[in-house]
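Here it is: the structure, laid out below.
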Amino acid sequence: MSFIRELHQQLVRKERSAVEIAQEALDRAAVLEPKLHSFLRLTPEHALAQAQRVDAQIAAGEEIGLLAGIPIAIKDNMCTKGITTTCGSKILENFVPPYESTVTQKLMSAGAVMLGKTNMDEFAMGSSTETSAYQLTANPWDLSRVPGGSSGGSAAAVAGDQAVVSLGSDTGGSIRLPASFCGVVGLKPTYGLVSRFGLVAYGSSLDQIGPFGRTVEDAAITLGAIAGYDPQDATSLKVKIPDYAKLLKPSFQSRGRLRIGVIKETFGEGLDEVVEKAVTKAIGVLQDLGAEIQVVSCPRFRYGLPAYYIIAPSEASANLARYDGVKYGFRAEGADNLMNMYTKTRAAGFGDEVKRRIMIGTYTLSAGYYDAYYLKAQKVRTLLRQDFEAAFDKVDVLVCPTAPTTAFKAGSKTQDPLTMYLADLMTVPVNLAGLPGMSIPCGFDEEGMPIGLQLISNVLREDLILQVAYAYEQATTWQLSKPMLK
Ligand code: GLN
């Protein structure tokens, strides 16, 4: 099932115009905003102008691509030329990028209609979208709960049916965690598959942009549109991009016996019973579909979280040095010398979580501590990658829960950063190893909150996880459930 294809058919059959679709989407987004707060800003003029261009193409008899006229939402850490991009931070309050990020450029060229920029944790640091300097985003399934983070706005916009698909970024789980909490599909690609040009940097060796969709096919179509080599990003991979959506088959039969490994270390202490049950049941479905299931061990998996919370803040502390009150808009008033101006600007412009990360990162990179922390964490990263390599000698795809719990109540973890960090336990190892990972809906808890199944494959095997996800989706009905929002 693909909502993109459905709309595309309506457009080419001239049942609806792109402007009608855009206007309806903008209206629905606006009606739901007071409840959800998914968007930091809606961009109706931009959306309607783009929709008019698509209608003109259709009227001229030109062939349009699948994404032409499709309403999308973009996380507010991707630069959009002439449209404010705040990264959820006060320090970028007035930042209007003079250039377009590669991913948004690609989507615009494909004719996609951007409805607006979505809310996020400040500088993508967080697991609940609560560190945003601007607003709290609600989980569409229960407005008193968080949508997950840091791409919470993009996940909520898709779950709440405000946008058909959206883009998020994932440094340690920021696509997969909100996908799991909001009951949608979210995919973090292989490091280097999607250009980071124009993405506000957080942890440069970990950051990747990826899609959210209500179905696997929609995520596959969107990934195909944003992936590919970009000379503007030095870490961009020169690889051929397959037609991900075309490769999707309802069963595994054509591939021989697909081997799926269940990561042993992700079960046990700390994992909610209801999550464990749903994930175990999902693994049973994959077995029924013909996959061979094995239990595999990644003994260093549990060191992922501590290593991540040294490496990510280290990189962040370097990346965020550029916000000094000179180059980017916000500057604190009343300083009598340059040093004072820097410190006042940063003290007023950054929120608590960002300051915490800068302090940790500056410490772990400083002389005398570098070897003990940063270097050690990098060594752990290598060991972790070796665990994955050994696992992929035995199996094609790894599965585990996306998160240890379902979405929690807003405010319940904000006073305790370490508990908040635990939400990323199952997702950060994937970023440290540069692998693709995906979260798909696999059930609900007793309170009706969605549960996510994480699928991980070897580098550049997005086709495999998409295939497993697609076959699972065909065999289940989770994606048909929608939150009651009216
Ligand atoms: N929650 C993690 C963090 O705060 C991951 C965030 C992300 O992937 N951007 O760093």
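For ligands, and for the atoms within them, numbers begin at 1 and follow the listed sequence. Note: hydrogens, waters and symmetry copies are ignored here, and every other heavy atom, side chains too, is used.
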Need the ligand 1 atom indices (1-based, order shown) with element for anything under 4.0 Å from a heavy-atom of G126. 1 (N), 2 (C), 3 (C), 4 (O), 6 (C)
Could you tell me whether R214 sits above the aromatic face of F3, with NZ or CZ closer than 6.0 angstrom to the six-membered ring centre and within 45 degrees of the axis? yes
Is R357 in contact with ligand 1, taking contact as a heavy-atom separation below 4.0 Å? yes
What protein heavy atom is closest to atom 2 (C) of ligand 1, reported as residue, atom name and distance in Å? D424 OD2, 3.1 Å
Any atoms of ligand 1 less than 4.0 Å from a non-hydrogen atom of G172? List them with their elements. 5 (C), 7 (C), 8 (O)
Under 6.0 Å between the ring centres of F444 and W141? yes
Just so I know, are the side chains of P436 and R461 near enough to count as touching, which here means a heavy-atom distance under 4.5 Å? no
Is the side chain of T85 donor-acceptor paired with the backbone N or O of C79 at a distance under 3.5 Å, no angle test? no
For atom 7 (C) of ligand 1, grab the closest protein heavy atom and report residue, atom and distance to one decimal in Å. S174 OG, 2.3 Å
Taking it one step at a time, do N431 and T171 satisfy side-chain hydrogen bond (donor to acceptor under 3.5 Å, both in side chains)? CA-CA 6 Å; N431 300 71; T171 304; 5.9 Å; no
So which heavy atom in the protein is nearest atom 3 (C) of ligand 1, and how far is it from that ligand atom? Y309 OH, 3.2 Å
What is the closest protein heavy atom to atom 5 (C) of ligand 1, and at what distance does it sit? Y308 OH, 3.3 Å
Relative to the heavy atoms of D170, which atoms of ligand 1 are at a distance of less than 4.0 Å? 8 (O)
Just which atoms of ligand 1 are under 4.0 Å from any heavy atom in A124? 6 (C), 7 (C), 9 (N)
Suppose I only count heavy atoms of M125 and a 4.0 Å limit; which atoms of ligand 1 are within that range? 4 (O)
Could you tell me whether the side chains of S132 and T129 share a donor-acceptor contact shorter than 3.5 Å? no
Heavy-atom gap A312 to ligand 1 smaller than 4.0 Å: no
Crowding at CZ, F408 (>12 non-hydrogen neighbours, <6.0 Å): yes
What about the rings of Y99 and F197, do their centers lie closer together than 6.0 Å? yes
